[in-house]
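Atoms within each ligand, like the ligands themselves, are counted from 1 in listed order.
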Amino acid sequence: MASPKTIEIVKSTVPVLEEHGTTITKVFYQNMFAEHPELLDIFNETNQKIGRQQNALASTVLAAAKHLDQLEVLLPQVTQISHKHRALQIKPEHYPIVGKHLLGAIKEVLGDAANDDIINAWAEAYGDIAEVFIQLEQAMYEQAMWDGFASFKVVDKTLTGTDIAAFTVVPNPDATSQNSDEAQNIDLDKLTLTAGQYITVKTDPEDSDHLALRHYSLCSTHTDKGIQFAVRRDNRDEHRGLVSNHLHDNVEVGDTLLLSAPAGDFALDSSLIMQNEIPLALISAGVGITPVLAMLEAQVSANPKRPIIWAYACQNAEHHAFKARVEALLEQAEQVEKHIFYSEEGQLLNEEWLATLPVPADVYTCGSMAFMDSIIDGLIALKHSADSVHYEPFGPKMSLKTA
Ligand SMILES: Cc1cc2nc3c(=O)[nH]c(=O)nc-3n(C[C@H](O)[C@H](O)[C@H](O)COP(=O)(O)OP(=O)(O)OC[C@H]3O[C@@H](n4cnc5c(N)ncnc54)[C@H](O)[C@@H]3O)c2cc1C
Ligand code: HEM
C-alpha cells in the first residue's frame with residue numbers, strides 16, 4: 001500500500017485535477033491514441049467522437065485516488081468495471097500505457113506545480129489502483145468460459161418488434177486453428193450461462209476505419225439452440241449506430257461473428273430464487289427487455305411458484321419485443337402480474353404504478369438511462385432498500401445519475 005506521505009500528496013492534489021477533468025481526459029486520450037493507434041480497435045469510437053462518457057476512465061482513477069488508503073471499499077465498482085475490461089480483453093500490459101498517459105496529462109494540468117514528489121506519488125497511486133484491477137481481472141480471465149474472441153456462426157436471425165434483431169449463434173465448426181483465439185472447440189452443452197450477463201461482439205464495420213466492440217445481453221441461458229442475444233437498431237436523429245446497424249444490415253444466417261465469453265455481475269439474487277415470499281419484479285423498457293427475459297426464464301425454470309411481476313414499456317404494439325415468448329414463460333409461473341405500457345397510448349410506467357409494487361420486492365430493471373434513473377429514484381423514494389433494486393445500464397454505469 002502507498003505510504004502515508006504519498007496518500008497525503010495524492011489526496012491534496014485530487015481537487016485541482018478534478019476541476020480540470022475535461023483537459024486531463026482530452027490530453028490523455030489524444031496522446032495515448034497518437035502513440036498507440038491499435039487501441040482505437042478497443043475503445044468505442046463513437047464515444048470518442050461525441051465526447052460521451054469519455055472521462056469514465058480518468059475520473060475513476062481520480063475518485064479511486066481519494067480512497068487510496070482503503071481501496072477495498074471500491075470493490076463493487078471495480079468488479080463491475082473489471083467485467084467490462086475482461087469482456088473487451090484489456091490485459092495487464094495495457095495498464096502501463098494508460099498510466100504513462102494519465103501521468104502525462106496530470107503533469108500538463110498541474111504545470112509548474114508538478115514537482116517530482118507529486119509525480120512520483122501519482123505514479124505510486126496509479127500503480128496501486130491498477131494492481132487492484134489487474135488482480136481482479138486475472139481471476140476473471142481464469143474463470144471465463146473461453147479465451148479471447150472465439151468464432152461463432154449465426155444460425156438464426158429473427159426480427160422481434162420493429163427494430164430488434166434476435167441472433168442465435170453456435171461455435172463455428174469451420175474456424176481454423178490459424179488464429180488460435182478464434183477456434184476453441186467450445187461445447188455448447190458444457191456452457192453454464194447466467195441470466196443478466198452479456199457477451200461482447202467484435203466487428204469490422206464498413207463505416208469505420210477501426211474494429212468495434214459492443215456488449216449485448218444474453219436473452220436466454222438455454223444453449224440447446226445456441227447462444228442468444230438481441231440487438232436494437234440504435235439510430236438517433238440522423239446518426240446511425242455503428243455496430244447495431246452493421247449487425248442488422250450485414251450479418252445474416254451463415255455469417256460468422258467473434259464473441260468474447262459472457263461477463264457481468266447483473267444477476268438474480270440466488271438466495272431468493274427458491275423462496276416464495278418476496279416477489280421477483282422485472283421492469284424493463286425497449287431493448288432493455290433482453291437481460292430480464294433471461295431472468296424470467298431462469299426463475300420459472302428453477303421455481304415457478306415464486307410470484308412474478310412483469311412490467312414492460314415500449315412505444316406501441318408493433319415495438320413490443322419477444323411478446324409471445326414472454327407470454328409462454330409467464331404461463332409457466334403460478335402467480336403472475338403482467339403490466340404492459342404503450343407510451344403512444346398514454347400508458348406510463350410512472351411513480352404511480354411503482355407505488356403499487358409490494359415492499360419488499362426483488363427488483364431488476366433495464367432500459368434507457370433516463371428510464372432507469374426514474375425507476376431507481378422512484379423505488380428508493382418508496383422505501384425499497386437500495387440492495388433490492390438491481391440494474392444494468394446499456395452504457396457506462398457512472399453515466400447513471402443514481403449510480
Ligand atoms: C452491459 C451492456 C449490455 C447491453 N445489452 C444490449 C442488448 O442486449 N441489446 C442492445 O441492442 N444493446 C445492448 N447494449 C448496447 C450496445 O452495447 C451498444 O451500445 C448499442 O448497440 C449501440 O451501439 P452502436 O455501435 O450501434 O452505436 P454507436 O455507434 O456506439 O452510437 C451510439 C448512439 O450514439 C448515436 N450517435 C452516433 N454518432 C453520433 C454523433 N456524431 N452525434 C450524436 N449521436 C451520435 C447513435 O445514433 C447511437 O444512438 C448493451 C450495452 C451494455 C453496456
Ligand atoms: C486503473 C485504471 C483504469 C480505470 C480506473 C478504468 C476505468 C474504467 C471505467 C470506469 C470504465 C467505464 C465502465 C462502464 O462501462 O461502466 C472503463 C471502460 C473501459 N476501459 Fe478502463 N479503466 C482503467 C484501465 C484501462 C486500461 C488499461 C484500458 C486499455 C488500454 C482500458 C480500456 C477501457 C475500455 C476500452 C473501456 C470501454 C469504454 C469505451 O470503449 O469507451 N481501461 N474503464
Side-chain angles (χ1 to χ4, degrees), residues 29 32-33 36 38-65 71 74 77-78 80-85 87-102 125-134 137 163-167 196-201 203 205 207-208 212-219 228-248 263-266 284 286-294 321 366 368 392-400 403:
Y29 279 116
M32 185 170 76
F33 291 141
H36 291 277
E38 75 281 4
L39 292 180
L40 289 165
D41 282 343
I42 304 182
F43 280 84
N44 181 322
E45 188 188 9
T46 309
N47 282 353
Q48 297 300 319
K49 261 196 209 150
I50 64 180
R52 189 184 50 184
Q53 288 105 35
Q54 254 193 35
N55 56 358
L57 200 164
S59 56
T60 303
V61 172
L62 296 185
L71 284 174
L74 299 172
Q77 288 89 333
V78 176
Q80 180 265 333
I81 299 164
S82 286
H83 274 288
K84 294 239 172 96
H85 282 164
L88 297 162
Q89 299 295 299
I90 307 303
K91 295 286 174 64
E93 57 269 26
H94 290 124
Y95 281 84
I97 301 175
V98 163
K100 175 182 166 185
H101 292 289
L102 209 53
Y126 175 78
D128 280 6
I129 297 165
E131 199 48 37
V132 175
F133 279 86
I134 291 170
E137 285 158 22
D163 58 357
I164 298 178
F167 290 88
Q197 285 190 312
Y198 52 86
I199 48 83
T200 303
V201 178
T203 59
D207 303 351
S208 169
L213 312 181
R214 296 290 185 273
H215 310 294
Y216 293 103
S217 304
L218 299 170
C219 44
Q228 299 175 46
F229 58 93
V231 181
R232 179 180 73 109
R233 231 185 236 285
D234 197 351
N235 294 336
R236 253 166 253 164
D237 308 323
E238 76 279 19
H239 302 291
R240 287 166 56 80
L242 187 62
V243 175
S244 57
N245 282 286
H246 168 74
L247 293 172
H248 271 259
D265 56 2
F266 183 51
S284 63
V287 75
I289 191 172
T290 49
V292 293
L293 173 58
C366 187
S368 67
E392 180 75 291
F394 281 0
K397 205 156 196 166
M398 68 190 304
S399 49
L400 270 181

Inset, instruction - Could you tell me whether H239 and ligand 1 have an N or O pair separated by under 3.5 Å? - result: yes
Inset, instruction - Report the distance from atom CD of E137 to atom CD1 of I81, rounding to the nearest 0.5 Å. - result: 9.5 Å
Legend entry - Test item, M32 contacting ligand 2 (heavy atom, 4.0 angstrom): no
Legend entry - Within reach of ligand 1, part of K84 (heavy-atom separation under 4.0 Å): side chain
Legend entry - Contact partition for T290 relative to ligand 1, non-hydrogen atoms under 4.0 Å: side chain
Legend entry - Check: S217/E392 side-chain N/O donor and acceptor closer than 3.5 Å: no
Inset, instruction - Examine the proximity of ligand 2 to I42 and report which part, side chain or backbone, both or neither, has a heavy atom under 4.0 Å away. - result: both
Inset, instruction - Starting from the C-alpha separation in whole Å, work towards a yes-or-no answer on side-chain contact (heavy atoms from CB on, under 4.5 Å) for Q197 and F266. - result: CA-CA 6 Å; Q197 285 190 312; F266 183 51; over 6 Å; no
Legend entry - For V231, the ligand 1 atoms whose distance to one of its heavy atoms is below 4.0 Å: 11 (O)
Inset, instruction - Measure from atom 19 (O) of ligand 1 to every heavy atom in Q80, R214, H215, H246 and give the option owning the shortest one. - result: R214
Inset, instruction - Indicate, as side chain, backbone, both or neither, the part of I90 found under 4.0 angstrom from ligand 2 when only non-hydrogen atoms are considered. - result: side chain
Inset, instruction - Decide whether an N or O pair under 3.5 Å exists between Q80 and ligand 2. - result: yes
Legend entry - D234 contact mode with ligand 1 (heavy-atom cut-off under 4.0 Å): both
Legend entry - Under-4.0 Å heavy-atom contact with ligand 2, by part of N44 that carries it: both
Inset, instruction - Look only at interatomic distance and state if N245 has a nitrogen or oxygen under 3.5 Å from any nitrogen or oxygen of ligand 1. - result: no
Legend entry - Atoms in ligand 1 flagged as close to Y198, the criterion being non-hydrogen separation under 4.0 Å: 1 (C)
Inset, instruction - Would you please name every residue forming a side chain to side chain donor-acceptor pair (under 3.5 Å) with H239, sequence neighbours left out? - result: none
Inset, instruction - Between V243 and ligand 1, find which residue part has any heavy-atom pair under 4.0 Å and reply side chain, backbone, both or neither. - result: both
Inset, instruction - Can you figure out which of P291, A230, A294 has its heavy atom closest to atom 9 (N) of ligand 1? - result: A230
Inset, instruction - For residues F167 and F229, establish whether the separation of their ring centroids is below 6.0 Å. - result: yes
Legend entry - T60 N/O under 3.5 Å from ligand 2 N/O: no
Inset, instruction - Please tell me if the side chains of I164 and V231 come closer than 4.5 Å, counting only heavy atoms from C-beta onward. - result: no
Inset, instruction - Check side-chain contact (heavy atoms from CB on, under 4.5 Å) between D207 and all other residues, then give those that pass, not counting sequence neighbours. - result: L242
Legend entry - T200 vs H215, side chain to side chain donor-acceptor pair (under 3.5 Å): CA-CA, chis, key distance, verdict: CA-CA 4 Å; T200 303; H215 310 294; 2.8 Å; yes
Inset, instruction - Examine the proximity of ligand 2 to L88 and report which part, side chain or backbone, both or neither, has a heavy atom under 4.0 Å away. - result: side chain
Legend entry - Distance filter under 4.0 Å to G395 heavy atoms, resulting ligand 1 atoms: 53 (C)
Inset, instruction - For atom 25 (C) of ligand 2, state which one of H215, E131, H85, H94 supplies the nearest heavy atom. - result: H85
Inset, instruction - Could you tell me whether some N/O pair between T46 and ligand 1 is separated by less than 3.5 angstrom? - result: yes
Legend entry - For R236, the ligand 1 atoms whose distance to one of its heavy atoms is below 4.0 Å: 47 (O), 49 (O)
